[in-house]
Amino acid sequence: MRKILPLMLLASASAQAEFSAVYTVDVASVLEGGIKTGSVFLDNIEVSSSGTTSQGEWSGTLLYTNSNTFSDLYAGDGQVASNIDNTSMIRLYELWYRHDLHAQSWQFGLIDLNGLYDAIDTAGLFLNSSHGIGPDFSQSGENGPSIFPVTSLALNWQWQVTENVHWQVGVFDGVPGDPDHPRRSTIDVNSRDGALISSELNIQHEGRRYAMGAWRYTADSEFTDSTATGKNSGLYGIIEKPADDSENALAWWLRAGLANRDINSVENYLGGGITLQRFNDTHPEDILGVAIAYAASADRWRNTENAGNGETAIEISYSRQVTEWLRLQPDLQYVISPSANKGLDDTLIFILRAEFTLTHL
C-alpha cells in the first residue's frame, strides 16, 4: 500500500517522514469475446507520505484516476481485469494515525480496509482485482466496503498475541463516500448507514501464513430479488507460502470465501496462484506467475438475472524492473463466462502495465 498526507502536513513532518509518488498506466485490450474488441488507456497516480512518532505512525494518500473504464465497456467481466479500472476522480484516499501500546495498537482515520484485511502479499503480482480482495467481500455494501476507490472513516484495533499470532478488529463506516455523487470526497457518518465490522486472525507456522476473517454489516441490506432485507455477512480463509531467499523460489496461496447468498450476487469464491522468483541472473527481480479466480453465482441472483453458474478468470503475468523508476508487466487473462452472463462469449484480455516511480526519476 502507498500512502500520503496533504502538503501542509508534510511541511511540519519530522525528519523520519517518507514521500513517494507512483504513476501507473494500463493499456488494456479485449482480443476476442466479451462485449466488444478494442483497447483502452487507464492511468492512476498515488502521491503518498508517511512518518513515525515516538509512539506510532501517520500516513496519507492522494489518489487520481482518469475517466476511461474497461471491464464495463469492453471485457464484460465481473471480477474486473485491471485493479486500477475506475471512473474519473481525484480525492484524499487515506489519512490516518496509528498509536502503539506495547503489543497492541489503535488506528483511526480514513483507512483502506484492504490494507489491513483480506490482503495476500504473494498475490500482489496479479492485476485481476479478485487477487487483491476476494469478490465475496468486495461486492458487499451499498457503495462497497472501504476499499479502492472510496474509503471511509474507521477505527482498527490490533493485538500481537504472540510472536506468531496476530488478531485485529475494525469498525468502518457502512457506506463510504456518497453513492449519489461518486466523484466527491465525502465523509458522512450517520446511524442509517450503520457500520461494517471486520475481524481477522493470522497465524504464522513453519513458513506459512494461515488467516481466517469474518465481516458483517449492522444495517440491513436488500435481497437481490428485492423481496426482503437482512444482515450482510461473510467469511474467508487464506493459506499463503511466501517465497524464500533461494534461487528459483516458488510462492503460492489459496483463498476461499463465502457471502450471504440472499443479498450478494457472488455466493462463494475460490482463488489461488503460484509465482516463480529469482530465476533470471540478469534480472533477479523478475517475477512470473499464474493464478485462477472463480466467483460462483448465488442462487437467488442467478434465478433473478437468468445468469450462469459463475465466472472463472485465468491469468498469466510477468513483471520486470527495467530501471530503478520503471517496471513493465505484460499480463494475459482468459475469462470464462464473463459476469456469468449467458449472452457473452469467453473473453481473452491482454494488459500491458507500466509503473513509474516518480520520486526516482
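Just so it is clear, the values below take in all heavy atoms, side chains as well, and ignore hydrogens, waters and symmetry mates. One is the number of the first residue; the rest follow in order along the sequence.
In this structure a side-chain-to-backbone donor-acceptor pair under 3.5 Å is missing from Asp299 to Asn303. Counting only distance, with no hydrogens or angles, the side chain of Thr359 and the backbone of Ser20 share no donor-acceptor pair below 3.5 Å. Between the Asp77 side chain and the Val80 main chain, a donor and an acceptor come within less than 3.5 Å of each other. With hydrogens and angles ignored, the 3.5 Å screen pairs no side-chain donor or acceptor of Ser71 with any backbone N or O of Gly76. Side chain of Glu315 to main chain of Leu127: a donor-acceptor pair is present (N/O by atom type, distance under 3.5 Å, no hydrogens or angles). Not a single donor-acceptor pair under 3.5 Å links the side chain of Ser146 to the backbone N or O of Asp112. Panel note: side chain Arg91, backbone Pro149; a donor-acceptor pair is recorded below 3.5 Å.
Ring geometry for Tyr74 versus Phe70: interplanar angle under 30°, hence parallel rather than tilted (30 to 60°).
Applying the 6.0 Å contact sphere to CD of Gln104 captures more than 12 heavy atoms from other residues, nucleotides or ligands.
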Side chain to side chain contact (heavy atoms under 4.5 Å, CB included) assessment of Asn83 paired with Arg353: CA-CA 11 Å; Asn83 53 19; Arg353 170 164 293 186; 2.8 Å; yes

Given side chain to side chain contact (heavy atoms under 4.5 Å, CB included), test Asn232 with Asn264 step by step and report yes or no. CA-CA 8 Å; Asn232 199 2; Asn264 303 285; 2.8 Å; yes

Tell me, with the steps shown, if Leu201 and Val161 meet side chain to side chain contact (heavy atoms under 4.5 Å, CB included). CA-CA 10 Å; Leu201 177 68; Val161 184; 5.7 Å; no

Using the ring pair (Phe, Tyr, Trp, His ring centres under 6.0 Å) rule, take Phe126 and Trp253 through it: C-alpha gap first, then chi angles, then the decisive distance, then the call. CA-CA 12 Å; Phe126 299 96; Trp253 86 93; 5.6 Å; yes

List the steps and the verdict of side-chain hydrogen bond (donor to acceptor under 3.5 Å, both in side chains) for Asn44 and Tyr64. CA-CA 6 Å; Asn44 171 296; Tyr64 159 82; over 6 Å; no

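Remark: the Ser59 side chain and the Glu94 side chain contain no N/O donor-acceptor pair separated by less than 3.5 Å. For the residue pair Asp85 / Thr69, no side-chain donor-acceptor distance below 3.5 Å is found, with atom types taken as modelled. Side-chain contact of His283 with Gln321: a donor-acceptor pair under 3.5 Å is absent, judged by distance alone. Tyr217 and Ser140 are linked by a side-chain donor-acceptor pair at a separation below 3.5 angstrom, with hydrogens and angles left out of the test. Asn164 and Thr162 share no side-chain donor-acceptor pair at under 3.5 Å. Using modelled atom types and a 3.5 Å distance limit, the side chains of Ser199 and Gln168 yield no donor-acceptor pair. Using modelled atom types and a 3.5 Å distance limit, the side chains of Asp286 and Tyr318 yield a donor-acceptor pair. Side-chain contact annotation: Ser319 with Gln329, donor-acceptor N/O pair under 3.5 Å absent.
Taking 4.0 Å as the cut-off between side-chain N and carboxylate O, Arg209 and Glu200 count as a salt-bridged pair.
Between Phe137 and Trp215, the ring centre distance stays below 6.0 Å.
Just one of Leu332, Asp331, Val30 meets the side-chain contact (heavy atoms from CB on, under 4.5 Å) condition when paired with Phe350; it is Leu332.
Listed by first and then second residue, the side-chain hydrogen bond (donor to acceptor under 3.5 Å, both in side chains) pairs involving residues 126-136 are Gln79-Ser130, Asn128-Gln333, Asp136-Arg255 (not counting sequence neighbours).
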Enumerate, atom names and distances included, each donor-acceptor pair closer than 3.5 Å involving a side-chain atom of residues 34-43, sequence neighbours excluded.
{"residue": "Ser39", "atom": "OG", "partner": "Ser29", "partner atom": "OG", "Å": "2.6"}
{"residue": "Asp43", "atom": "OD1", "partner": "Asn66", "partner atom": "ND2", "Å": "3.0"}
{"residue": "Asp43", "atom": "OD2", "partner": "Tyr23", "partner atom": "OH", "Å": "2.9"}

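Residues passing the salt bridge (charged side-chain N to carboxylate O under 4.0 Å, His left out) test with Lys231, sequence neighbours excluded: Asp220.
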